[in-house]
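Okay, so here's the structure we're looking at.
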Amino acid sequence: MQRRTRWVLAAAVAIAAPLLVQAGSSPASAHGTLSDPPSRVYVCMKEDPEVPKSAACKAAVAAGGTQAFYDWNEVSLLDAGGRHREIIPDGKLCSAGREKYRGLDLARADWPAKQISSGPLTVTYHATAPHSGSNFEYYITREGWNPTMPLRWSDLVLIQKFTNVNPTQFTSWTLTIPPRSGRHLIYSIWQRVQYSEEAFYTCSDVDFGGSNPTPTPTASPSPTASPSPTASPSPSPTVRPTNSPTASPSGTWQAGKAYKTGDRVTYNGLIYECRQAHTAYPGWEPPNVPALWLRV
């Protein structure tokens with residue numbers, strides 16, 4: 001009887017062992033975001049997606065819905081594998097190019113921002129599922145960056161990289177922040193290395209005090225008129241129709257449409273002229289982004 005019992009137990013262990021090994025080798029899903037200075041998704045989550053307090057979070061919820069902020073720790077791409085600049089287009093860095101998080105890309109100068117200064121700055125990452133053997137990169141926007149313009153990869157300046165990190169639930173680093181003035185973004189990339197190519201992205205608004213430069217719209221140079229010969233009479237002025245074709249709006253402003261400098265649109269019964277070429281996104285309505293649209 002004892003021999004039969006030992007045989008049954010041995011068989012059970014033999015069957016269970018491969019299952020235990022298989023379960024133990026399955027990697028935990030890593031999730032998280034920068035909590036200090038808080039990322040945009042973290043800020044709006046803390047405000048409460050159902051009743052956000054700041055104007056920027058209200059606009060972000062209006063653009064993409066509330067679910068993105070309940071899933072605040074998943075601004076990520078599963079197959080990034082370090083190819084961040086290849087797979088995330090300019091203007092969509094804060095959302096990682098994901099439509100679900102498009103509200104995070106709104107180019108506004110009123111996102112809640114942490115007051116900081118140049119020099120040492122301790123930043124903290126909140127990981128709900130830490131994963132060993134990870135790489136972290138921290139960037140800051142260049143001097144002269146304007147928060148009302150879409151964020152591009154060329155706007156980012158590397159601060160520091162940390163490799164082969166074993167993060168905990170809250171992991172902190174001390175960064176050396178270069179001199180800046182006005183509002184800026186600290187951008188982070190958490191790239192998993194072991195078992196996964198998943199990467200996480202964050203945009204945290206910070207304020208150094210002072211003001212950001214306002215971009216000067218590129219205007220077409222006025223043609224230089226050749227002086228009339230002194231011996232010839234001055235020509236009669238050419239009478240132009242009041243509504244010339246070039247001054248007419250091309251239609252109503254639409255999200256998702258590409259506009260070039262000089263295009264004119266109508267919005268809420270008013271006419272606006274495009275100041276800089278761009279692709280329109282929800283939240284970038286002409287009255288909201290004066291750096292892109294000039295009321296005519």
For Ser134, is there any backbone N or O sitting under 3.5 Å from a side-chain donor or acceptor partner on Gln194? no
Thr202 and Ser39 have their tightest heavy-atom pair at CB-CB, 4.0 Å
Among residues at least two apart in sequence or on other chains, which ones pass side-chain contact (heavy atoms from CB on, under 4.5 Å) with Lys114? Asp36, Pro37, Ile116
Consider only side-chain heavy atoms of I, L, V, M, F, W and Y, link residues closer than 4.5 Å, and tell whether Leu270 and Trp253 are in one cluster. yes
Sorted by first residue and then second, give each salt bridge (charged side-chain N to carboxylate O under 4.0 Å, His left out) pair with at least one member in residues 38-55; sequence neighbours left out. Arg40-Asp205
How close do Cys94 and Leu151 get, heavy atom to heavy atom, and via which atoms? SG-CD2, 4.1 Å
Side-chain heavy-atom pair Ile140, Pro178 within 4.5 angstrom cut-off: yes
Measuring from Tyr125:OH to Ser172:OG, what's the distance to the nearest 0.5 Å? 13.0 Å
Shortest non-hydrogen contact between Asn166 and Ser132, atoms and distance: OD1-CB, 3.1 Å
Identify the heavy atoms of Gly103 and Trp111 that sit nearest to each other, and give their distance. O-CZ2, 3.5 Å
Residue pair Ser250 / Val265, side-chain heavy-atom distance below 4.5 Å: yes
With sequence neighbours excluded, what pairs up with Trp173 under the ring-ring contact (aromatic ring centres under 6.0 Å, His included) test? Phe136, Tyr138, Phe162
Lys161, NZ atom: more than 12 neighbouring heavy atoms under 6.0 Å: no
Under a 4.5 Å side-chain heavy-atom rule over Ile, Leu, Val, Met, Phe, Trp and Tyr, are Leu158 and Leu185 clustered together? yes
With distance as the sole test, does Asp155 use its side chain to make a donor-acceptor pair with the main-chain N or O of Arg152 at under 3.5 Å? yes
Does any part of the side chain of Val296, heavy atoms only, come nearer than 4.5 Å to the side chain of Arg264, both counted from C-beta? yes
Hey, is the main chain of Val206 close enough, under 3.5 Å, to the side chain of Arg183 for a donor-acceptor pair? no
Kindly say whether the aromatic ring centers of Tyr259 and Trp293 come within a distance under 6.0 Å. yes
Taking atom OG of Ser188 and atom CG of Leu175, what is their separation to the nearest 0.5 Å? 10.0 Å
Can you confirm whether Arg295 is buried at CZ, in the sense that more than 12 heavy atoms of other residues, nucleotides or ligands lie under 6.0 Å from that atom? no
Is there a donor-acceptor pair closer than 3.5 Å between any side-chain N or O of Thr174 and the backbone N or O of Leu121? no
Can you name the ring-ring contact (aromatic ring centres under 6.0 Å, His included) partners of Trp72, sequence neighbours left out? Tyr42, His126
Taking Ser76 for its side chain and Glu74 for its backbone only, find out whether a donor-acceptor pair lies under 3.5 Å. yes
Quick check: does any side chain N or O of Asp207 sit under 3.5 Å from a backbone N or O of Ala113, one acting as donor and the other as acceptor? no
Measure from the side-chain N and O atoms of Glu198 to the backbone N and O of Arg192, and report whether any donor-acceptor pair falls under 3.5 Å. no
Would you call Glu143-Arg180 a salt bridge at under 4.0 Å N-O? no
Results of ring-ring contact (aromatic ring centres under 6.0 Å, His included) for Tyr187 - residues two or more places apart only: Trp153
Specify the closest pair of heavy atoms between Gln191 and His84, including all atoms of both residues, with the distance to one decimal. OE1-CE1, 3.1 Å
What I want to find out is whether Asp105 reaches Lys92 closely enough, with some N-O distance under 4.0 Å, to be called a salt bridge. no
Met149 with Leu104, same ILVMFWY side-chain cluster at under 4.5 Å: no
Under a single-linkage definition using a 4.5 Å side-chain heavy-atom cutoff for Ile, Leu, Val, Met, Phe, Trp and Tyr, are Ile186 and Trp190 assigned to the same hydrophobic cluster? yes
Approximate separation, where rounding is to 0.5 Å, of Ile88 CD1 and Arg85 CZ: 9.5 Å
Donor-acceptor pair, distance only, cut-off 3.5 Å: does the side chain of Asn135 make one with the backbone of Asn164? yes
Residue pair Thr168 / Thr171: nearest heavy atoms and the distance that separates them: N-OG1, 2.9 Å
Under a 3.5 Å threshold, yes or no: a donor from one side chain and an acceptor from the other, between Thr33 and Asn73? no
Do the non-hydrogen side-chain atoms of Val43 and Cys57 ever get within less than 4.5 Å of each other? yes
Please identify each residue that fulfils side-chain hydrogen bond (donor to acceptor under 3.5 Å, both in side chains) with Ser35, with sequence neighbours left out. none
Rounded distance (nearest 0.5 Å) linking atom CZ of Phe208 with atom OG of Ser181: 9.0 Å
Short side-chain to backbone donor-acceptor contact, Thr266 and Gly269, under 3.5 Å: no
Say you draw a straight line from CZ of Arg98 to OH of Tyr101; how long is it, rounded to the nearest 0.5 Å? 5.0 Å
Is there a side chain to side chain donor-acceptor pair (under 3.5 Å) between His184 and Thr141 once you walk through the steps? CA-CA 6 Å; His184 282 271; Thr141 43; 2.7 Å; yes
